[in-house]
Amino acid sequence: MPKIATWNVNSIRTRLDHVCQWLDSTGVDYLCLQETKVTDAEFPRQPFLDRGYHVYCSGQKAYNGVAILSRQPLAGVEAGFAPQLPSHSELDTQKRLIRAQLAPDVILVNVYIPNGGEYDSEKYHYKLHWLKGLHAYLQKLTAQAEVILCGDFNIAPEDKDLFDARDRATKVGATDAERNLLAAIRDLGFHDAFRHFTNEPGHYSWWDYRAGAFRRNQGWRIDHLYITPAVKARACNCRIDIAPRRLPKPSDHAPVILEIE
DNA sequence: ATGGCAAACCTAGTTTGA
């Protein structure tokens with residue numbers, strides 16, 4: 001039963017031991033990483049090669065950066081929008097997207113969607129612009145194949161996906177403009193894998209380092225796996241693993257795992 | 001309204017995160 005996971009590690013070099021321990025204990029087949037914060041030349045490949053994973057990364061110094069670890073070698077690996085959408089190549093200066101084929105008719109897309117900064121700031125509008133680019137990109141892909149779209153979306157899709165939805169009109173990650181663009185992407189034919197199995201509120205994938213947010217479970221569910229119908233039909237389970245968030249010096253995000261039969 | 005924490009960067013204070 002293949003397992004596919006997504007995890008914003010907030011620096012792969014700082015979190016190397018956590019990720020290795022987690023791979024050893026869960027044995028996931030594919031792990032999509034975000035915020036690796038390292039160039040491809042500096043990416044710590046060897047510990048993953050030693051564990052039998054192939055490493056595909058697209059990173060930059062200090063900020064952003066995505067990677068896919070896979071037990072099998074992957075075909076069709078492409079970084080950024082440009083290979084599918086040359087018109088949007090300016091979005092590729094920030095390393096936030098990598099994709100690969102899992103099968104001839106299944107494409108895995110790993111994204112690190114911009115944070116958005118303050119409401120109505122330049123960063124907020126960049127986030128909205130980036131989401132429109134992602135929509136155009138996925139429109140092409142969903143016409144060709146089944147797609148597993150995962151990563152750090154920096155968006156809580158519903159009010160039950162954050163601990164306090166008050167004032168959300170200006171709360172970046174929960175505004176209507178962001179949710180509407182995410183809904184437009186979802187309407188290309190995606191289903192929220194986590195919500196296929198769990199309806200209750202109070203399940204989060206990110207907690208602020210400050211103010212005891214994790215201890216008080218004051219978090220947001222912003223890390224997602226979106227799957228097209230044929231994948232959904234094979235999905236057995238999708239859960240957030242909060243165990244790594246309890247460790248000393250954790251990432252502020254927890255991994256999310258999808259199991260497929 | 002602010003701070004609280006963590007990481008990276010030409011090491012000290014700035015930028016980013018959501």
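Predicted, not measured: the structure shown is a model, and the values here were computed from it. Computed from heavy atoms alone, side chains included, the values below leave out hydrogens, waters and symmetry copies. Numbered from 1 within each chain, the chains take letters A, B, ... in sequence-line order.
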Rounding to an integer number of angstrom, what distance separates [N] and [M] when you compare their [atom1] atoms?
N	M	atom1	answer
B/dA6	B/dT2	P	22 Å
B/dA1	B/dA12	C1'	27 Å
B/dT15	B/dC10	P	15 Å

*Check every strand shown and say whether A/K171 touches a base, only sugar-phosphate, or nothing at a heavy-atom separation below 4.0 Å.*
nothing
*With a 4.0 Å cut-off on heavy atoms, is A/R216 in touch with a base, just the backbone sugar-phosphate, or nothing at all?*
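If one applies the 4.0 Å heavy-atom cut-off, A/R216 turns out to touch nothing in the nucleic acid.
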*For the residue pair A/W207 and A/F214, does the interplanar ring angle fall in the parallel (under 30°), tilted (30 to 60°) or perpendicular (over 60°) class?*
perpendicular
*Mutual orientation of the aromatic rings belonging to A/F81 and A/W130 [parallel < 30°, tilted 30-60°, perpendicular > 60°]*: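 Correct class here is perpendicular.
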Could you work out which one of [options] sits closest to the side chain of [X]?
X	options	answer
A/N115	B/dT16, B/dA18, B/dA8	B/dA18
A/K61	B/dA18, B/dC9, B/dC5	B/dC9
A/Y63	B/dT15, B/dC10, B/dA6	B/dT15
A/H253	B/dG17, B/dA18, B/dA7	B/dA18
A/R210	B/dA7, B/dA18, B/dC5	B/dC5
A/A62	B/dA8, B/dA6, B/dG17	B/dA8

Answer yes or no: does a side-chain N or O of [X] lie under 4.0 Å from OP1 or OP2 of [N]?
X	N	result
A/R15	B/dA6	no
A/N8	B/dA18	yes
A/T14	B/dA6	no
A/R168	B/dA18	no
A/K37	B/dG17	no
A/K123	B/dG17	yes
A/Y112	B/dA18	yes

*For A/Y209 and for A/E35, locate the closest nucleotide of DNA chain B by heavy-atom distance; then report the residue assigned to the nucleotide nearer the 5' terminus.*
A/Y209
*Start at the 5' end of DNA chain B and walk down; is the nucleotide closest to A/I12 or to A/D252 reached first?*
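The residue closer to the strand's 5' end, by nearest nucleotide, is A/I12.
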_Taking side chain to side chain donor-acceptor pair (under 3.5 Å) as the definition, give me every residue that meets it alongside A/N115, ordered by chain and number, with sequence neighbours left out._
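Testing A/N115 for side chain to side chain donor-acceptor pair (under 3.5 Å), a comparison that skips the adjacent residues, returns none.
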_List the residues meeting side chain to side chain donor-acceptor pair (under 3.5 Å) with A/H18, not counting sequence neighbours, and say none if there are none._
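In terms of side chain to side chain donor-acceptor pair (under 3.5 Å), with neighbours along the sequence ignored, A/H18 is linked to no residue.
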*Write down the distance between CZ (A/R13) and P (B/dC9), rounded to a whole number of angstrom.*
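It works out to 5 Å between those atoms.
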*Does any non-hydrogen side-chain atom of A/D192 lie less than 4.5 Å from one of A/R221?*
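When only atoms from C-beta onward are counted, A/D192 and A/R221 do touch, with a gap below 4.5 Å.
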